[in-house]
Amino acid sequence: FARVCDMRKTPSGSVRDNGVVRAYTCSHLLDPMLSKRQFTLRAGQPGFGSDVGISGLTWSKGGEMLLVNFRGDDVYIFDARQSSYRPTGGGHHFDGDECVDSARIVKSFAGRQNVETCAKEVRFLYDDQYVATGSDCGMLCIWDVKTTKMLRRLPADRCVVNCVAPHPTLPLLVSSG
């Protein structure tokens with residue numbers, strides 16, 4: 001899960017008082033039969049590989065979107081505009097005492113491999129118009145946020161691309177494996 005914590009809250013040792021104000025995941029990952037699901041090198045295909053989890057995440061420039069890179073699955077944008085969780089029905093699930101919101105997926109981005117490493121950064125680019133992350137095949141992948149179409153697959157490493165960092169003012173990206 002991607003958990004949003006309010007750093008102003010003081011943990012008291014209780015699960016309900018740990019500062020978590022929202023938790024995000026994909027509804028297809030909440031199925032108890034799939035909780036230990038294994039994946040192949042092709043994202044989203046059941047097989048043998050590694051457990052699904054989050055390998056990278058970041059906020060949009062204004063903080064209204066949360067970009068999450070799932071290991072063994074796709075990249076998703078969640079609507080993060082609501083600052084506190086209030087369960088109201090559909091798309092809300094409980095994992096123990098924790099409320100999880102799966103209804104706020106705005107976009108998904110497919111077409112890259114992400115099972116080889118447990119840390120793979122994902123970034124918004126150029127005022128949140130594009131999304132970039134690395135792939136297990138050594139490619140840097142860039143998608144258009146509006147259309148979710150993959151625009152570029154650029155060779156960036158001989159093995160795996162884990163890190164992606166946009167330059168703050170120039171149209172440059174740095175990546176590493």
Side-chain angles (χ1 to χ4, degrees), residues 1-7 11 15 18-61 63-85 91-125 128 130-137 139-143 145 148 150 156-157 160-166 175-177:
F1 301 110
R3 292 173 177 86
V4 178
C5 298
D6 186 337
M7 299 307 292
V15 173
N18 61 4
V20 175
V21 294
R22 182 171 292 280
Y24 298 94
T25 194
C26 301
S27 59
H28 66 276
L29 299 177
L30 289 171
D31 185 334
M33 297 301 293
L34 302 177
S35 64
K36 296 294 182 190
R37 181 164 58 174
Q38 303 285 307
F39 286 79
T40 61
L41 288 176
R42 185 163 178 235
Q45 297 297 315
F48 297 101
S50 54
D51 288 342
V52 175
I54 294 173
S55 61
L57 46 81
T58 192
W59 293 102
S60 62
K61 190 173 183 179
E64 67 280 353
M65 295 181 288
L66 183 62
L67 183 63
V68 182
N69 193 358
F70 283 88
R71 183 176 184 217
D73 203 36
D74 294 327
V75 174
Y76 296 90
I77 293 178
F78 292 89
D79 181 351
R81 288 178 283 188
Q82 192 172 352
S83 62
S84 63
Y85 184 79
H92 303 122
H93 307 274
F94 287 89
D95 180 48
D97 287 333
E98 185 172 38
C99 241
V100 181
D101 190 351
S102 64
R104 300 181 74 84
I105 293 174
V106 177
K107 305 271 183 168
S108 64
F109 306 91
R112 59 87 181 93
Q113 299 169 345
N114 182 21
V115 295
E116 292 295 317
T117 55
C118 62
K120 195 168 270 105
E121 294 177 344
V122 62
R123 296 287 181 254
F124 282 107
L125 307 175
D128 305 334
Y130 306 99
V131 167
T133 190
S135 179
D136 290 347
C137 63
M139 302 298 258
L140 175 64
C141 302
I142 302 171
W143 294 266
V145 168
T148 70
M150 186 181 290
D157 193 83
V160 175
V161 176
N162 289 320
C163 301
V164 176
S175 65
S176 70

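Atom set for the values below is all heavy atoms of this structure, side chains included, hydrogens, waters and symmetry mates excluded. Each residue takes its place number in the sequence, starting with 1.
Using a 4.5 Å cut-off on side-chain heavy atoms (C-beta onward), Phe109 and Asp74 make no contact. Residues Val164 and Val122 form no side-chain contact, since every pair of their non-hydrogen atoms from C-beta on lies 4.5 Å or further apart. When side chains are defined from C-beta on, Thr133 counts as touching Trp143, because their heavy atoms get closer than 4.5 Å. Considering only heavy atoms from C-beta on, Lys120 comes within 4.5 Å of Val160 through its side chain. Counting only heavy atoms from C-beta outward, the side chains of Ser135 and Val161 never approach each other to under 4.5 Å. Tyr24 is listed as a side-chain neighbour of Val4, based on a closest heavy-atom distance under 4.5 Å.
In this structure, the separation between CD1 on Ile77 and NZ on Lys107 is 7.5 Å, given to the nearest 0.5 Å. Distance check, rounded to the nearest 0.5 Å: CZ of Phe78 to CD1 of Ile105 gives 4.5 Å. Note that CG of Leu67 is 9.0 Å distant from OG of Ser60, once rounded to the nearest 0.5 Å.
For Ser176, the side-chain contact (heavy atoms from CB on, under 4.5 Å) partners two or more places apart in sequence, or in a different chain, are Cys163. A search for side-chain contact (heavy atoms from CB on, under 4.5 Å) contacts involving Ile54 returns Ala2, Leu57, Val68, Phe70, not counting sequence neighbours. With sequence neighbours left out, Asp157 forms a side chain to side chain donor-acceptor pair (under 3.5 Å) with no residue at all.
Of all the heavy atoms in Leu140 and Ala156, the pair that sits closest is CB-CB, 4.0 Å. Between Met150 and Gly111, the shortest heavy-atom distance links the atoms CE-O, 3.6 Å. Ser55 and Asn114 get closest at one heavy-atom pair: OG-ND2, 2.9 Å.
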Show the numbers, then the answer: is there a side-chain contact (heavy atoms from CB on, under 4.5 Å) between Val131 and Leu125? CA-CA 6 Å; Val131 167; Leu125 307 175; over 6 Å; no
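The only member of Asp128, Asp79, Thr58 that meets side chain to side chain contact (heavy atoms under 4.5 Å, CB included) when paired with Met65 is Asp128.
Between the side chain of Glu116 and the main chain of Asp136, no donor-acceptor pair closer than 3.5 Å is present. Checked by atom type and distance alone, the side chain of Arg123 never pairs as donor or acceptor with a backbone atom of Ala132 at under 3.5 Å.
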